[in-house]
Amino acid sequence: MNNKKFLAAVVGLGIVTLSACGSSSDDSKSSGSKSVTLVSHDSWAVSKSVLADFEKKSGYQVKVLEDGDAGQAVNKAILTKDNPQGDVFFGVDNTLLSRALDNGLFQSYEAKGADRIKAGYRVDGDKVTPIDTGDICVNYDKAYFTEHKLQPPTSYDDLIKPAYKNLLVTENASTSSPGLGFLLGSAAKYGDDGWEGYWKKLKANGVKVVDGWEQAYNEEFSGSAGGKKAKADRPLVVSYASSPPAEVIYADPKPTTAPTGVAQGTCFRQIEYAGLLSNAANAKGGKALLDFLLTKEFQQDMPLNMFVYPVVNGAQVPAEFTQYGPQAKDPETMDPAKIADNRDDWVKSWTSLVLK
């Protein structure tokens, strides 16, 4: 989920994202046990003070290697699992979890504080730890729909209506986590026999597909701060229910209402996990880092940095989330086993159907 730190980075609100080159094995050898490397997708972010507190208490220096969109990052981690780039991987979600587990990406470790994770987000086994949750949803540009005197869409069905032709941009389901989540949401909505027919209609209605979230939201979506600068022309985008609060919090001047809204009937529930990488050079440091990700301090720091919801009991959510980006009341969901059984075939079919 994230994918949303760009607004904070632009105005310099004290968010740290450290990029490390080379493998964590090299780092650990040069820094001994005092260096621990986190591999993540591009939306990892944490307040400097929170990270500094962990480093002071643990004695470890944290290095972060960002590896693109979640789908790309997971695929690369699998390819390098025998000589991993780091010690901990953050950002594999429920759409890709089975791929990571089936390929032996993680080793066993039950993080301290796992008993505080809300029941709905817990997983069987100890290979991964739930860290955050959010909803992948279609966002809309309020100004566009007001100007054109058109009601914004509220459901999957609306998106294939002629009134919304050539308005939607989404991400590639084979490379992007939100793109895959949107595909799975449509499969959950229309079933095994209906989702392909839906995408045929969506393609005929002019849906645009780009590689990843950054491009879709910041370059193609007219409602985002980046999209306005890029003179984007798509008023509908697959993003997150928490994207509208980001547009308010980091705007200058700050608007009284969010410039973007969420089509609540298009949401798919996403859960992100972290795990100790197999063959991690600094497994001890990796375990300490995983423990840190479940602390109340980090969990309460996440919402305004990565615009996701905490998963542990007792962690507070900022008021802006409740006001501008509440979680979907009835999101589409899918059993992880069903995702595992069908994901790769669905993505192949989707690619053939939509991209060719």
Side-chain angles (χ1 to χ4, degrees), residues 1-4 38-45 69-71 73-74 77 88-102 105-106 109-111 113-137 171 173 176-189 213 238-243 262 266-276 290 293-295 298-303 305-315 317 321 325-343:
M1 296 174 124
N2 333 301
N3 311 23
K4 292 139 297 221
L38 176 79
V39 183
S40 174
H41 51 52
D42 283 343
S43 65
W44 162 267
D69 202 299
V74 171
V88 171
F89 186 94
F90 166 80
V92 60
D93 66 20
N94 49 313
T95 69
L96 296 167
L97 182 58
S98 64
R99 178 182 297 170
L101 296 178
D102 291 345
L105 187 59
F106 302 111
Y109 178 65
E110 183 175 3
D115 58 325
R116 295 187 296 110
I117 297 172
K118 297 176 183 178
Y121 302 124
R122 295 175 185 173
V123 293
D124 294 332
D126 58 1
K127 292 295 182 70
V128 293
T129 302
I131 303 297
D132 65 71
T133 184
D135 296 317
I136 296 169
C137 313
E171 301 84 0
S176 166
S177 176
L180 178 56
F182 187 54
L183 166 59
L184 294 179
S186 67
K189 173 69 175 179
W213 181 89
V238 173
S239 189
Y240 295 87
S242 55
S243 295
V262 171
T266 65
C267 298
F268 180 81
R269 180 62 48 86
Q270 182 186 50
I271 305 168
E272 285 191 306
Y273 307 89
L276 183 64
L290 282 170
L293 298 182
L294 283 185
T295 62
F298 178 80
Q299 287 281 308
Q300 292 188 163
D301 186 63
M302 287 192 307
N305 281 336
M306 294 190 282
F307 287 85
V308 291
Y309 281 82
V311 296
V312 300
N313 289 306
V317 176
F321 271 48
Q327 287 186 289
K329 294 181 179 179
D330 189 25
E332 297 293 341
T333 59
M334 186 175 290
D335 185 271
K338 186 174 179 66
I339 295 175
D341 290 342
N342 295 280
R343 181 193 56 241

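Listed for the N94 side chain is no donor-acceptor partner under 3.5 Å among the backbone atoms of L97. Remark: the backbone N or O of V317 is not paired with any side-chain donor or acceptor of Q300 at under 3.5 angstrom. No donor-acceptor pair under 3.5 Å is formed between the side chain of Q327 and the backbone N or O of S242.
Of all non-hydrogen atoms in V238 and P178, the two that sit nearest each other are CG1-O, 3.8 Å. Considering all non-hydrogen atoms of both residues, A328 and P331 come closest at O-CD, 3.5 Å. The shortest non-hydrogen separation linking Y121 to I271 is CD2-CD1, 3.6 Å. Here the shortest heavy-atom pairing between D132 and M302 reads CB-CE, 3.7 Å. For the pair N305 and A45, the tightest heavy-atom approach, listed with the atom from each and the gap, is CB-O, 3.8 Å. E171 and S176 get closest at one heavy-atom pair: CB-OG, 3.1 Å.
Under the side chain to side chain contact (heavy atoms under 4.5 Å, CB included) criterion, D115 pairs with no residue, sequence neighbours left out. In this structure R343 satisfies the salt bridge (Lys or Arg N to Asp or Glu O under 4.0 Å) test with no other residue, sequence neighbours excluded. Judged as a side chain to side chain contact (heavy atoms under 4.5 Å, CB included), and not counting sequence neighbours, the contacts of P303 are P310, P318, F321. Residues that satisfy the side chain to side chain donor-acceptor pair (under 3.5 Å) test with T266, not counting sequence neighbours, are absent from this structure. Judged as a side chain to side chain contact (heavy atoms under 4.5 Å, CB included), and not counting sequence neighbours, P326 has no contacts. Under the rule for a ring pair (Phe, Tyr, Trp, His ring centres under 6.0 Å), the partners of F182 that lie at least two apart in sequence or sit in another chain are Y156, W199. Partners of F90 by ring pair (Phe, Tyr, Trp, His ring centres under 6.0 Å), not counting sequence neighbours, listed by chain and number: H41, W44. Partners of A111 under the side chain to side chain contact (heavy atoms under 4.5 Å, CB included) rule, at least two apart in sequence or in another chain, are Y109, T129, L290, D291, L294.
The side chain to side chain donor-acceptor pair (under 3.5 Å) pairs that include a residue from residues 332-342 are D192-K338, where partners are two or more places apart or lie in different chains.
Heavy-atom contacts from other residues, nucleotides or ligands closer than 6.0 Å to CG of D102 number more than 12.
From L101, atom CG reaches atom CZ of R99 across 12.0 Å, with rounding to the nearest 0.5 Å. M334 CE to K189 NZ: the interatomic distance, rounded to the nearest 0.5 Å, is 13.0 Å.
Y273 is listed as a side-chain neighbour of P130, based on a closest heavy-atom distance under 4.5 Å. Proximity of K118 to T133: side-chain heavy atoms (C-beta onward) are nowhere separated by under 4.5 Å. Here the side chains of Y240 and V308 are not in contact, with every heavy-atom distance at 4.5 Å or above.
Just one residue in the list L180, D135, I136, T95 forms a side chain to side chain contact (heavy atoms under 4.5 Å, CB included) with Q270, and that residue is I136.
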